[in-house]
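Since we're looking at a predicted model, the values are computed, not measured.
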Protein chains: 2
Amino acid sequence: MKDPTQRKADKVATAIEAQIISGVRKPGARLDERALATEFNVSRTPVREAIRKLAATGLVTDKGRRGAVVRHLTVSGLLDAFLVVSELEGIAARLAARRMTPDEKTGAEAANLCCQRAAHDGDIAAFNVANMAFHDQIIAGCHNTLLQDQLTTSRVITFPYRHYVTQFPGYMLKSVGEHAAVLDAIRARDGAGAGQLMCDHVNLQGEQIVDVVHLLEQQSQKGSQP
Amino acid sequence: MKDPTQRKADKVATAIEAQIISGVRKPGARLDERALATEFNVSRTPVREAIRKLAATGLVTDKGRRGAVVRHLTVSGLLDAFLVVSELEGIAARLAARRMTPDEKTGAEAANLCCQRAAHDGDIAAFNVANMAFHDQIIAGCHNTLLQDQLTTSRVITFPYRHYVTQFPGYMLKSVGEHAAVLDAIRARDGAGAGQLMCDHVNLQGEQIVDVVHLLEQQSQKGSQP
DNA sequence: TTATCTATTTTTGTATACCAAATTTTCGCG
DNA sequence: CGCGAAAATTTGGTATACAAAAATAGATAA
């Protein structure tokens with residue numbers, strides 16, 4: 001079975017997405033069709049299709065004839081996004097408590113062990129990877145395709161803003177504990193509990209990110225009118 | 001402020017979407033680029049972008065070089081979809097209970113009055129329109145852009161299947177009562193109550209649709225091996 | 001100097017033509 | 001009737017051209 005992701009348009013889309021998430025292209029930055037075509041050694045056609053795709057997922061804002069830019073979330077937009085992501089992750093965890101296979105549970109536990117090790121070592125990059133793996137595993141465990149799709153699109157919108165909070169004292173260790181609580185509830189097949197714990201966990205993440213972004217926004221406002 | 005929907009690609013996308021929702025193009029039907037280009041009097045370029053957009057929203061399945069078809073949901077896919085839609089609409093109603101403006105509340109009440117009149121007259125088409133308006137108004141009342149976006153993409157996937165249950169004895173009147181209960185909770189600013197009521201309401205809708213689709217699927221299976 | 005209007009240059013949206021690769025269809029043959 | 005090969009079709013992608021809209025630069029007036 002062949003993946004339609006083989007198309008250049010999709011490769012370009014994931015490449016741009018990666019650049020946005022990794023911070024190479026910052027919110028508000030314009031996406032120039034011709035420049036992107038040159039950069040990725042393709043013609044404008046696949047680039048345009050890639051931009052359309054990213055616009056549909058919300059990672060990019062389409063401004064009609066005025067071009068496309070990396071989506072810029074305001075503080076209120078970030079709050080909106082984290083509300084949705086936390087609720088959806090809560091629902092996913094609730095379902096996962098009933099539907100996860102033993103393999104998936106093992107995977108989630110292993111991922112949290114990686115989180116723990118990374119937290120102990122203070123290795124932020126490793127923690128981010130393991131943390132992502134943990135959440136992905138729970139989301140996969142809900143066995144609801146549409147929910148998974150909605151979650152990936154919702155989460156990806158918040159990713160560009162995670163860079164502002166990669167290092168936060170005590171954040172990693174606390175997360176490990178919250179992950180463990182979710183896993184306990186899942187093991188006990190307590191769907192409601194797992195959902196609530198996961199929702200709260202994501203909300204905490206979000207609050208910290210929102211705090212930082214809010215701070216940065218105020219700073220940039222002060223800096224622009226001295 | 002100009003709408004990027006001015007582009008032919010977007011016009012074509014909404015046109016195709018309307019055709020799919022209205023049942024002109026049924027699940028599984030292939031979308032031929034050249035035929036669509038001819039039908040809408042445009043070149044292949046905007047058609048391709050339109051298909052990409054619809055594929056990104058999930059209304060169309062992209063099968064790589066084997067073309068694109070109208071998405072076909074299995075029973076389990078429909079169950080997945082309605083679970084997500086009901087949860088999201090519940091969240092929207094919960095937020096709406098706290099955030100709706102007086103105008104929006106009036107609009108929702110007016111929409112349900114239209115539902116009531118249509119139910120009384122047995123006018124299915126009018127009911128569908130009013131019902132849509134009611135839900136749209138509640139969703140608008142949550143004042144969360146991302147949630148609204150996620151809801152529109154989730155709901156649109158289920159729309160093609162609503163045709164199978166347009167007429168269901170007693171369905172319309174029952175819906176009017178459930179709408180009224182949601183509105184009562186919103187007026188009482190009871191977010192949790194409104195959310196639960198809305199979630200249940202949508203779930204009931206979904207169950208009926210799933211029942212019918214399930215029935216149709218069994219029939220078509222029997223019919224295909226006589 | 002600064003503001004504003006205009007002319008120039010870019011960039012996007014669309015149309016065409018064309019090609020290669022993949023898929024489907026057709027057709028002939030066993 | 002079934003199977004496999006050739007032909008036709010369809011998609012993915014490139015290149016090019018061009019009109020319309022935007023952004024930019026430049027010139028002019030206050």
Side-chain angles (χ1 to χ4, degrees), chain A residues 1-17 19-20 25-72 224-226, chain B residues 1-17 19-20 25-72 224-226:
Chain A
M1 175 172 149
K2 282 197 181 170
D3 201 343
T5 308
Q6 288 287 123
R7 274 183 307 211
K8 292 195 180 180
D10 290 292
K11 286 186 193 169
V12 171
T14 45
I16 297 176
E17 182 181 309
Q19 290 182 336
I20 294 174
R25 297 185 188 277
K26 289 174 188 169
R30 185 162 183 172
L31 297 172
D32 185 301
E33 293 182 1
R34 218 166 299 187
L36 288 166
T38 308
E39 178 177 343
F40 294 112
N41 266 7
V42 295
S43 73
R44 272 177 67 202
T45 312
V47 170
R48 290 178 55 94
E49 292 180 1
I51 290 178
R52 295 290 172 281
K53 185 180 173 183
L54 294 173
T57 66
L59 198 63
V60 155
T61 303
D62 197 332
K63 303 171 78 173
R65 273 194 212 270
R66 280 179 302 170
V69 298
V70 179
R71 182 165 197 171
H72 174 70
S224 64
Q225 47 176 222
Chain B
M1 171 172 146
K2 283 197 180 169
D3 201 343
T5 309
Q6 288 288 124
R7 274 182 307 210
K8 292 194 180 180
D10 289 293
K11 286 185 191 169
V12 170
T14 46
I16 296 175
E17 182 180 308
Q19 290 182 336
I20 294 175
R25 296 186 189 277
K26 289 174 188 168
R30 184 161 182 171
L31 298 172
D32 186 300
E33 292 182 0
R34 218 165 299 192
L36 288 166
T38 309
E39 178 177 344
F40 295 112
N41 267 0
V42 296
S43 73
R44 272 178 68 203
T45 313
V47 171
R48 295 185 50 162
E49 291 182 4
I51 290 179
R52 295 289 173 283
K53 184 181 174 181
L54 294 173
T57 67
L59 198 62
V60 155
T61 303
D62 199 329
K63 301 170 78 175
R65 280 224 163 80
R66 280 180 302 171
V69 298
V70 179
R71 184 167 196 171
H72 174 70
S224 64
Q225 45 177 224

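For the segment residues 32-49 of chain A, the set of residues with a heavy atom within less than 4.0 Å of an atom of DNA chain C comprises A:D32, A:E33, A:R34, A:R44, A:R48, in numerical order.
Salt bridge absent: A:E33 and A:R65 never bring a charged side-chain N and a carboxylate O closer than 4.0 Å.
Taking atom CG of residue A:D62 and atom P of nucleotide C:dT12, one finds them 11 Å apart after rounding to whole Å. As a whole-Å value, the separation of A:K8 NZ from D:dG13 C1' is 7 Å. Taking atom CZ of B:R7 as the reference point, atom C1' of D:dA21 lies 13 Å away to the nearest angstrom. Atom CZ of B:R66 and atom C1' of C:dA21 are 15 Å apart (whole Å).
When all heavy atoms of A:A50 and A:A13 are compared, the pair lying nearest together is CB-N, 3.6 Å. Across all non-hydrogen atoms, the minimal contact from A:V70 to A:R25 is CG2-CB, 4.0 Å.
Between B:K63 and C:dT23 there is no side-chain polar atom (N or O) within less than 4.0 angstrom of OP1 or OP2. Between C:dG13 and A:R52, a contact under 4.0 Å exists linking OP1 or OP2 to a side-chain N or O. OP1 or OP2 of C:dT23 has not a single side-chain nitrogen or oxygen of B:R65 nearer than 4.0 Å.
Counting heavy atoms from C-beta on, the side chains of A:V60 and A:V69 never come closer than 4.5 Å. In this structure the side chain of A:E17 reaches within 4.5 angstrom of the side chain of A:L59, judged on heavy atoms. No side-chain heavy atom of B:H72 sits under 4.5 Å from any side-chain heavy atom of B:T61.
Along DNA chain C, the nucleotide nearest B:R30 and the nucleotide nearest A:A68 are compared for position; the residue whose nucleotide lies closer to the 5' end is A:A68.
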**Message:** What does the 5'-to-3' dot-bracket notation of DNA chain D look like when only Watson-Crick and G-U wobble pairs under 3.5 Å count, and pairs to other strands show as |?
**Reply:** ||||||||||||||||||||||||||||||
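Under the 3.5 Å distance criterion, the side-chain polar atoms of A:R71 are matched with a main-chain donor or acceptor of A:G58.
Nucleic acid contact for B:L31: sugar-phosphate only, since backbone atoms but no base atoms lie under 4.0 Å from a heavy atom of the residue.
With sequence neighbours excluded, the residues satisfying side-chain contact (heavy atoms from CB on, under 4.5 Å) with A:V42 are A:K8, A:V12, A:F40, A:P46, A:V47. B:R48 is linked by a side chain to side chain donor-acceptor pair (under 3.5 Å) to A:E49, counting only residues two or more places apart in sequence or in another chain. For B:R30, there are no side chain to side chain donor-acceptor pair (under 3.5 Å) partners two or more places apart in sequence or in a different chain.
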Strictly under 3.5 Å: I want the nitrogen or oxygen pairs between protein and nucleotides 4-8 of chain C, one per line.
none

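Atoms CG and CG, on A:N41 and A:L36 in that order, are 12.5 Å from each other to the nearest 0.5 Å.
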